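Read through the structure below, which is laid out as structure tokens, and then see the notes.
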Amino acid sequence: MRIAGAIKYIVAVSAFLLTFYIISQVFEIKMDSNLVRSQPDNAPHPTTKAPRYRCGISKICPEKHFAFKISSGAANVVGPKICVEDAVLMSGVKNNVGRGINTALVNGRTGELIETKYHDLWGGDVAPFIEFLKKIPDGTIVCMATYDDGATKLNDEARKLISELGSTVINSLSFRDNWVFVGGTGIKTKSPFEQVRDNWQQ
């Protein structure tokens, strides 16, 4: 009887240990699976950096096109900025912008800068601006941006000359309107690169 009882005891203990072993193994497997599932949340995620295009524009330019970005001045506080082919041609940092219309002339074949100039069309004279427009060489890309006020001193002759560069807005440009424009000498169509924000909307 004692032998039979001992055997039953050993079997019972063995069954208990086997059960405990199985439970512990299952628990360990579940723990491992939880760890595997939670690992991606704790692991560092690869970061994708957005591509940077010339002048900071949102997409790449087609072949045989120049990249450019132009911003007008903000009231009389922040100056305009003209960038062509990733080169800043005019800006407040470069200290070559001023009240009126800011103009950068670029070679239409090479993209190289020809000249930058600004004309005060609020307190200055429009005559030097007209002479400047008349002397722009053929095949030149003309980039323009207003700062503070670029319209008060504009007369019909100046507006006509800018219109011949491809502008459709210049004839209605008014006091302190924010205006940016890219055109060119000898252009046969109106330029699609022109935006204006009326002063009363600001």
Side-chain angles (χ1 to χ4, degrees), residues 50-75 78-92 94 96-98 100-119 121 126 129-130 132-202:
R52 183 192 180 281
Y53 301 117
R54 289 169 294 176
C55 288
I57 60 178
S58 59
K59 57 184 179 180
I60 193 169
C61 277
E63 292 185 9
K64 299 182 180 180
H65 286 68
F66 294 133
F68 66 87
K69 185 175 183 179
I70 303 176
S71 58
S72 66
V78 180
K81 183 177 180 180
I82 299 177
C83 175
V84 177
E85 286 294 278
D86 222 22
V88 177
L89 306 183
M90 302 186 76
S91 71
K94 293 180 73 69
N96 62 347
V97 297
I101 292 182
N102 294 261
T103 309
L105 304 181
V106 177
N107 186 302
R109 290 183 178 273
T110 65
E112 294 179 353
L113 176 65
I114 298 173
E115 183 180 5
T116 63
K117 205 169 186 68
Y118 66 87
H119 295 85
L121 297 175
V126 72
F129 184 49
I130 291 174
F132 172 77
L133 294 173
K134 288 180 177 179
K135 293 179 180 179
I136 296 177
D138 290 339
T140 300
I141 298 172
V142 182
C143 307
M144 292 182 167
T146 56
Y147 181 24
D148 191 8
D149 174 42
T152 296
K153 291 293 182 69
L154 282 180
N155 57 17
D156 290 342
E157 184 178 7
R159 292 178 189 269
K160 182 176 183 296
L161 289 169
I162 297 174
S163 177
E164 290 173 353
L165 296 173
S167 172
T168 57
V169 172
I170 193 64
N171 289 325
S172 59
L173 192 69
S174 301
F175 174 70
R176 277 196 166 177
D177 286 349
N178 285 346
W179 173 68
V180 293
F181 164 71
V182 178
T185 53
I187 191 170
K188 296 180 180 179
T189 59
K190 296 302 179 182
S191 172
F193 306 114
E194 184 172 30
Q195 291 185 351
V196 65
R197 185 178 183 186
D198 296 339
N199 177 45
W200 61 269
Q201 292 180 335
Q202 300 177 36

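Small disclaimer: the values here were computed from a predicted structure and weren't measured. Nothing fancy with the numbering, it's 1 onward along the sequence.
With sequence neighbours left out, F129 forms a ring-ring contact (aromatic ring centres under 6.0 Å, His included) with H119. Applying the ring-ring contact (aromatic ring centres under 6.0 Å, His included) criterion to Y147, with sequence neighbours excluded, gives no partner residue.
Here CG of L113 is found 6.0 Å from OG1 of T116. Values are rounded to the nearest 0.5 Å. Atom-to-atom distance recorded for L89:CG and N102:CG is 12.0 Å, nearest 0.5 angstrom. For the atom pair CG of L121 and CD1 of I101, the computed distance is 5.0 Å after rounding to the nearest 0.5 Å. Rounding to the nearest 0.5 Å gives a distance of 11.0 Å between CD of Q195 and OG of S71.
Annotation for E115: atom CD counts as buried by contact number, over 12 foreign heavy atoms lying within 6.0 Å. Heavy atoms of other residues, nucleotides or ligands lying less than 6.0 angstrom from NZ of K160 number 12 at most. Within a 6.0 Å radius of NZ in K153, more than 12 heavy atoms belonging to other residues, nucleotides or ligands are found.
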Practice task
Kindly indicate, with the supporting measurements, whether the criterion side chain to side chain contact (heavy atoms under 4.5 Å, CB included) is fulfilled by F181 and V169.
Solution key: CA-CA 9 Å; F181 164 71; V169 172; over 6 Å; no
- [ ] With side chain to side chain contact (heavy atoms under 4.5 Å, CB included) as the test, would you mind laying out the steps for V142 and T103 before giving the verdict?
- [x] CA-CA 7 Å; V142 182; T103 309; 3.8 Å; yes
Audit row: F68, C61, side chain to side chain contact (heavy atoms under 4.5 Å, CB included) steps and yes/no:
CA-CA 9 Å; F68 66 87; C61 277; over 6 Å; no
- Do V182 and I141 pass the side chain to side chain contact (heavy atoms under 4.5 Å, CB included) test, and can you show the C-alpha distance, the side-chain angles, and the key distance before you say yes or no? CA-CA 7 Å; V182 178; I141 298 172; 3.8 Å; yes
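The nearest pair of heavy atoms linking T168 to E194 is N-OE1, 2.9 Å. In terms of heavy atoms, P137 sits closest to T185 at O-OG1, 3.0 Å.
Ion pair D177/R197 not flagged as a salt bridge, since none of the NZ, NE, NH1 or NH2 atoms sits closer than 4.0 Å to an Asp/Glu carboxylate oxygen. The pair K134-E164 fails the salt-bridge criterion, with no side-chain N (NZ, NE, NH1 or NH2) lying under 4.0 Å from an Asp/Glu carboxylate O. Note on D86 versus K69: no salt bridge recorded, every NZ/NE/NH1/NH2 to OD/OE distance being 4.0 Å or above.
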